[in-house]
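Below you'll find the structure, written out as structure tokens, and then a few comments.
Note that the structure is a prediction, hence the values are computed from the model and not measured. Chain letters run A, B, ... following the sequence lines, proteins first and then strands; every chain starts at 1.
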Amino acid sequence: MNVIVASLRELEALSRRTGSGRGLRVGVGVICVAFALAPYVLGGSYYPDIWTDMALWGTIGVGLNVVIGFAGLLDLGYMAFYAIGGYVFANAALYHGFTLWETLPLGALLAVVASAIIGFPTLRVRGDYLAIMTLGFGGIVYYAAQNLSAITGGYNGLYGWHNPTLFGHPFIAPIDFYPLALALLLVAALVTMGLRSSRLGRAWASIKDDELAAASSGIGVIRYKLYAYMLGSVWAGLAGALFAAKDQLVSPESFTFNASFFAVAVVVLGGMGSIAGVVLGGVLYVVIAEWLSAYTGTLSGVIFAALLLLVVLVRPAGLVPYRPKPPRLRRPATRAAADLETGGDSGP
Amino acid sequence: MAPEPILSVREVEVQFGGVQAVAGCTFVVAPGQIVGLIGPNGAGKTSLFNAISGIVRHYHGEIRIAGRSLRGLPAHRVAALGLSRTFQNIRLFRSLSVADNVLVGEHRRIRENLLDSAFHTPRFHREEGAALSRVENLLEFVGLQHLDPQALPGSLPYGDQRRLEIARALASQPRLLLLDEPAAGMNTVESRSLGILVRSIRERGVTVLLVEHDMRVVMSVCDRVVVLNFGRLIAEGAPSEIQTNPEVIAAYLGGPPG
Amino acid sequence: MSPSEILQQIVNGLVVGSVYGLIALGYTMVYGIIRLINFAQGALYELGAYLGVAVFGLLGTFATRNPILGLVVAVICSALATAAGAYLVERVAYRPLRSAPPLTPLVSSLAVFFLVISIIQVVTGAQPLTYPQVLSPRPWNLGPVTLTPTEVMIAVVAIALMVAVNFYVQHTKTGRAMRAIAANTRSAPLMGINTTRIVTITFMLGGAMAAVAGVLFGINYGTVTYNMGEFGGLVAFTAAVLGGIGNVPGALVGGLTVGVFSSFATVVLPNQWQEAVVFGILIAVLAFRPQGILGERVADRA
């Protein structure tokens, strides 16, 4: 399980600094395996939605993390791309007989195209205005979802298609989508982790720190912001399509400003830049929302907003702060002997 | 005239909210020279630097690098033409390590496509490895071999931060390097060794234009000096000529311009 | 549309717009001095509206017998309480983050916004609350246009308050200090200005104005809903940007402009798209004229 290896590595870097050692790492590994197996051990009927939702919200966190955590762009309309993935899937499934496998890439592609279109005018403005502009675009997509009934089904949304099977595995109950959602989360985590420690990731980090110095170092700031946007929204497009397939319904209510706010909260709460952190953020969000809605309905908004405020004030780097991997510079003494130690991200 | 100038500034005017920061400057920098740009505070040196490096894009007149006009080019395109700079108030990437700061300077030289970046392909490892050894050489060149490459720049002593910024600027292999007050805040020993560094930068084939208040550095390092006052060029010549130029002396003592 | 219909829509827009302008004051003043888009402003507007209802409830029959006096008491109490709320927001969620990276206070004000709105939602059970009828609902015919007494009162109160705030900023000692901080945050303390105190006053003033806007809104429409702060806050922010953020008279100009635009949208566009118009204006302004109509009073940060 690559995602486990990956989270382990992240925590390893953390524990190296904090001084706590192996115990922590093993603990986290056990938690990850437990997470992957839990729904099967507990039986699929135990909170049937929650497991897949956790994986999907983890993916949302991982995707938005590229935009906020890596490039430092506050996006308050991220769920627009989730909506696009969902509606693309629903349309393709309902009217054109496409299967989920054919639609997933299409949903991802259209989310990327939409992010490029939205990004083009917005990324020129400065950081706080960008946040507001993305909020505006998110709002427009929400109203479009409500009103373009021909392709969105209006308030009621779209539903009533047949989901495909894979090697005889049916996709009917929410839990059937769990392996798929988990695989998506895994790929998203691995790919973004790779990006973070690459030329692209450094360019993003430099923009986040100091745009002027980044530009003077030869980085086309707007272009790289656009890349962050596109490479962030692709995951929302994929997760949105899966979400629609799982629920057998897409409706505007899933893409309100509140949802985009929660996505931001997931990233900030978990730890901007940290993959393990934002996955934790996504899991936490689903747990809180699910748990509290059973008792009180609306209280989850209060709890989550209060939690976010608390974290911003007392632990601004998030629950699992991002610690960069040690650079792989060879020290003069060992230069001759040392081979290129790469940190060993095993590709997927 | 000798070879084509690496930098030519012609009748450049820069305005800031009604204030004329640079009021018609003309001078050239020949390849391989170290040119000092001096003048009292508020003379327009940094504004001129910002115009040359593409940070300020609204100016009158013409700036060329190796014959190419910079009109309308944003900073990163100017950088692509072979210009690099440091900043008066040191602008390192605070959340990036020492090594990563210099690696950002390597940005344009590293060849990685999206797949390389995402999946850490063999080419990724090759490119990053090569870039890292260049970074190491650069750190050694600027005299920072003792640094922990993992350290964050905020934790470094001031002089080391200046040198690290120079290493980052050199990483893009510029033809022309602009240094904005590199010796500011340094003691005599530090500024002398900085002077040695600037000379060795020139020996790598990089032309240097520097703004500096420390006259010892300017006089000992520069081949030529350009003097600005109130946005205008008031003198130009060898350091020894400048030192005795009455107009320059008047400008520094606060006399009337011109 | 006939000329009189057009005129009617303009007048309607000006009434609504004056309320938005009042909320926009808080955005623009806070942004002017500390460069923070204070998302909490929309929530304070909603809080003010709900506190107004609560005061009317407490006044009981006194308010039914003296509706205008009741309204005055409601406005003042709500404004004071909301100003206290704004003080709390500044103290808890902004002040500790003054030296944090710029996105952090933005996120924290977003969290406050959401927290306040969620609390109102929980407390009221997401049910809309009803404002009493204060003035006669019978419209006046003023030439080609008709207006209710309530609408006239709203526009008069809102515009008078905005003029008063502008006077305060331009001509009092505190106002001069605000402008000094806006012009140069770093050197203001050197001139003996207590930045912390001025920031606090600005937050509280913005909160009080938002609360008045909330009560006026409630009086005008009769009901308040738990999510009014979301849309209202966004419209008001659009107004602030449109007028030129940081620019106090700009809040009025921006508010009235947005009001008129959205008023025409109610006639021209199908129902569901009316709200989207505001988003469109917002994006267009930010993309093409981020300095707004009157221009920012904020020196551009190089």
Fill in the blank from the handout: residues 82-93 of chain C vs chain A, non-hydrogen distance cutoff under 4.5 Å, contacting residues -> C:V92, C:A93
Handout entry: A:A131 versus chain C, the contacting section by heavy-atom distance below 4.5 Å
Key = side chain
Handout entry: Interface residues of residues 133-142 of chain A facing chain C - non-hydrogen atoms under 4.5 Å apart
Key = A:M133, A:L135, A:G136, A:F137, A:G139, A:I140
Completion exercise
In C:I120, C:I117, C:I119, the residue satisfying side chain to side chain contact (heavy atoms under 4.5 Å, CB included) with A:V302 is C:I119
Handout entry: Proximity breakdown for A:Y155 and chain C, heavy-atom pairs closer than 4.5 Å
Key = side chain
Fill in the blank from the handout: C:S108 and A:L309 have their tightest heavy-atom pair at O-CD1, 3.8 Å
Fill in the blank from the handout: Under 4.5 Å to a heavy atom of chain A? For C:E230 that would be side chain
Exercise for the section: In sequence, state the C-alpha distance, the side-chain angles, and the governing distance for C:F114 and A:F304, and then conclude on ring pair (Phe, Tyr, Trp, His ring centres under 6.0 Å). Expected result: CA-CA 9 Å; C:F114 215 82; A:F304 211 65; 9.0 Å; no
Completion exercise
Per-residue tally against chain C (heavy atom, under 4.5 Å) across A:V125, A:L76, A:I132 peaks at A:I132
Fill in the blank from the handout: Turns out that what part of A:I303 lies under 4.5 Å from chain C's heavy atoms comes down to neither
Practice task
Find out whether A:F257 and C:L234 are in side-chain contact, i.e. whether some heavy atom of one side chain is under 4.5 Å from a heavy atom of the other.
Solution key: no
Exercise for the section: Counting only heavy atoms closer than 4.5 Å, note whether C:L286 contacts chain A via side chain, backbone, both or neither. Expected result: both
